[in-house]
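So the structure is just underneath, and the comments pick up after that.
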Amino acid sequence: MVGPGALQRARRLCHWGPAVALAVVAVCSATAMADAALWYWPLDTAGGSVNFVMLLNWTVMILYNYFSAMFVGPGYVPLGWTPEKSQDCMYLQYCKVCQSYKAPRSHHCRKCNRCVMKMDHHCPWINNCCGYQNHASFTLFLLLAPLGCIHASFIFIMTMYTQLYNRISFGWSSVKIDMSAAKRDPRPIIPFGLSAFAASLFALGLALGTTIAVGMLFIIQMKVILTNKTSIESWIEEKAKDRIQYYQTGETFIFPYDMGSKWKNFRQVFTWSGIPEGDGLDWPVRDGCHQYSLTIEQLKQKADKRVRSVRYRAIEDYSGVCCPVTKGVKTFFTTPCTEEPRIALSKGDLILATRGLKHWMYGEKILISAADGGIRERGWFPRNCVEKYQYDSETDQPVDGEKKSK
């Protein structure tokens, strides 16, 4: 009997990210195997056999690490989790969705709807988060995919070259098509015509594009791994420097999880057993820091974010669509390239904007009727749908001369 866990894992495949990623792997692998049989027949020589086995090996290892990253998942903070010492709760943020405190290095993912241990980012290509448990598998996938594509690209180029060379003889003044070459070769090979050439050329483009794009992601991941950070923590460290410089507090922020050695940092993710060190909740820290050094900095940044946020009021309705046609051409074509949500607005809604682009802003919609200051929906919205809302900070009422929303 199939359990609910198996069904949930199977549903991760029903997304555009895995569909595209697996399609690229299938096209490049299948075309490379067919071309390998044309260029370097595996049953004739030892070199051909090694070439074909290596090609199969790349495909198996890529798929193994891809599915491991997808199905093993990042690991989630247990629902209702609290630190062992109750006084430590003051150093942590509380997640209302998971009804638990956010453990050090964990963050809540809106897509997964859970607090993820050592969250790096939510990857659409695996339709899952990259975090504590699957960081190694995900990084190995980013390494193996470009290596396999480089091998496949070499096969595509050599196949197209040898097949054209066997059929076309180049003279000084003319090009002579020699169609008898295939007849002289008694070995039964796959016919290489115009469609096969087009397929090889298309697969070559996919392989080269994947090598560049995924290779760059691998370099980025290795940079953060060798400093024992995640992409989110790198951003937190940058914001810490900006906060200290802005307020001139004289503080010195030291990232607590850098072990001081690239090899030690590397071993925090990659182990011989394949199981990452620790439990995902408690982490070794460097001298001069303690377990909550990073979470304390996060609380400071959250407080600073509330101070710096600007209140806006919606002057137009916005349905929350990704690319609104009615909000102007520039707004349509400059929609943020992110999976972060958009928030629908009705005229008169109040929004706390925390960051923005030229034609878009990101903020939290305040529902006035909610208790404790209102529940806030986060997301992007067009800048031309809102205007600054002037209000008295003590009474939270519009200042004189400001029209009240109906």
Side-chain angles (χ1 to χ4, degrees), residues 5 8-9 11-21 69-81 92-135 138 217 224 230-236 239 280-281 294-295 298-299 301-302 305-306 309 318-324 335-345 349-357 360-367 370 372-382:
Q8 184 177 4
R9 287 192 293 270
R11 279 199 294 268
R12 294 206 173 272
L13 293 169
C14 302
H15 185 263
W16 65 265
V20 173
M70 178 188 291
F71 294 138
V72 171
Y76 302 108
V77 178
L79 296 174
W81 179 84
L92 301 172
Q93 299 182 65
Y94 186 78
C95 178
K96 296 180 180 179
V97 177
C98 299
Q99 296 293 307
S100 63
Y101 286 91
K102 296 181 182 179
R105 311 192 78 175
S106 68
H107 302 273
H108 186 83
C109 175
R110 298 190 196 95
K111 297 290 183 180
C112 299
N113 203 33
R114 287 289 301 274
C115 286
V116 177
M117 293 190 291
K118 196 188 175 185
M119 179 178 174
D120 185 88
H121 68 288
H122 184 92
C123 178
W125 304 111
I126 62 173
N127 194 22
N128 208 340
C129 276
C130 174
Y132 164 66
Q133 290 184 351
N134 63 351
H135 204 171
F138 180 78
L217 291 176
V224 297
T230 64
S231 300
I232 295 177
E233 289 168 351
S234 296
W235 177 237
I236 292 173
K239 290 194 294 184
L281 300 173
L294 185 65
T295 59
Q298 288 178 261
L299 290 174
Q301 292 181 12
K302 189 174 183 179
K305 183 179 177 180
R306 286 195 295 266
S309 60
Y318 167 57
S319 62
V321 296
C322 182
C323 300
T335 183
C337 297
T338 174
E339 284 201 340
E340 289 178 311
R342 276 62 170 169
I343 52 173
L345 299 178
D349 286 344
L350 298 180
I351 310 100
L352 280 177
T354 55
R355 51 191 165 101
L357 303 173
W360 288 82
M361 301 186 74
Y362 184 90
E364 302 171 334
K365 184 168 68 173
I366 305 173
L367 302 181
D372 194 23
I375 301 173
R376 296 165 181 173
E377 299 178 30
R378 298 178 181 176
W380 291 92
F381 54 91

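For clarity, every value in this text was computed on a predicted model and none was experimentally measured.
- Annotation: side chain of Leu357 is in contact with side chain of Pro336 (closest heavy-atom distance under 4.5 Å).
- Closest approach of Leu281 and Pro78 over heavy atoms only: CD2-CD, 4.4 Å.
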Listed pairs under 3.5 Å, donor-acceptor, residues 114-126 side chains, sequence neighbours left out:
| unit_1 | atom_1 | unit_2 | atom_2 | d |
| --- | --- | --- | --- | --- |
| Arg114 | NH2 | Val77 | O | 2.9 |
| Asp120 | OD1 | Ser231 | N | 2.8 |
| Asp120 | OD1 | Ser231 | OG | 3.3 |
| Asp120 | OD2 | Gln221 | NE2 | 3.1 |
| Asp120 | OD2 | Ser231 | OG | 3.1 |

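- Applying the side chain to side chain contact (heavy atoms under 4.5 Å, CB included) test to Gln298 and every residue at least two apart in sequence or in another chain returns Gln93, His107, Ile236, Leu294, Thr295.
- Here the straight-line distance linking atom CG of Leu345 with atom OG of Ser319 works out to 9.5 Å at 0.5 Å rounding.
- In this structure, the separation between OH on Tyr76 and CD on Gln133 is 9.5 Å, given to the nearest 0.5 Å.
- For the atom pair Ile351 CD1 and Glu377 CD, the distance stands at 11.0 Å (nearest 0.5 Å).
- Here the straight-line distance linking atom CG of Leu352 with atom CZ of Arg378 works out to 11.0 Å at 0.5 Å rounding.
- Cys14 meets the side chain to side chain contact (heavy atoms under 4.5 Å, CB included) test with no other residue; sequence neighbours excluded.
- The two residues Ala103 and Ser106 have their closest heavy-atom pair at O-OG, 2.5 Å.
- For the atom pair Thr354 OG1 and Lys305 NZ, the distance stands at 4.5 Å (nearest 0.5 Å).
- Counting only heavy atoms from C-beta outward, the side chains of Leu92 and Pro104 approach each other to under 4.5 Å.
- Between the side chain of Ser100 and the backbone N or O of Leu79 there is no donor-acceptor pair closer than 3.5 Å.
- Nearest heavy atoms, Lys365 versus Ala344: NZ-O, 2.8 Å.
- Residues passing the ring pair (Phe, Tyr, Trp, His ring centres under 6.0 Å) test with Trp380 are Tyr362, sequence neighbours excluded.
- For the residue pair Gly73 and Asn128, the shortest heavy atom distance occurs at CA-ND2, 3.6 Å.
- To the nearest 0.5 Å, atom CD1 of residue Ile343 and atom CG of residue Asp349 are 8.5 Å apart.
- A search for salt bridge (Lys or Arg N to Asp or Glu O under 4.0 Å) contacts involving Arg110 returns nothing, not counting sequence neighbours.
- Remark: Tyr318 pairs with no residue by the ring pair (Phe, Tyr, Trp, His ring centres under 6.0 Å) rule, at least two apart or across chains.
- Checked by atom type and distance alone, the side chain of Asn113 never pairs as donor or acceptor with a backbone atom of Cys98 at under 3.5 Å.
- Pairing each heavy atom of Thr335 with each of Cys323, the nearest pair is CG2-SG, 3.5 Å.
- For Arg12 (side chain) and Asn127 (main-chain N/O), a donor-acceptor pair under 3.5 Å exists by modelled atom type.
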Run the side-chain contact (heavy atoms from CB on, under 4.5 Å) check on Trp81 and Lys102 step by step: do they pass? CA-CA 8 Å; Trp81 179 84; Lys102 296 181 182 179; over 6 Å; no
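- Minimum heavy-atom separation, Cys129 to Asn134: O-ND2, 2.8 Å.
- Using a cutoff of 4.0 Å between basic side-chain nitrogens and carboxylate oxygens, Arg355 and Glu340 are scored as salt-bridged.
- The shortest distance between side-chain heavy atoms of Arg105 and Tyr132 does not fall below 4.5 Å.
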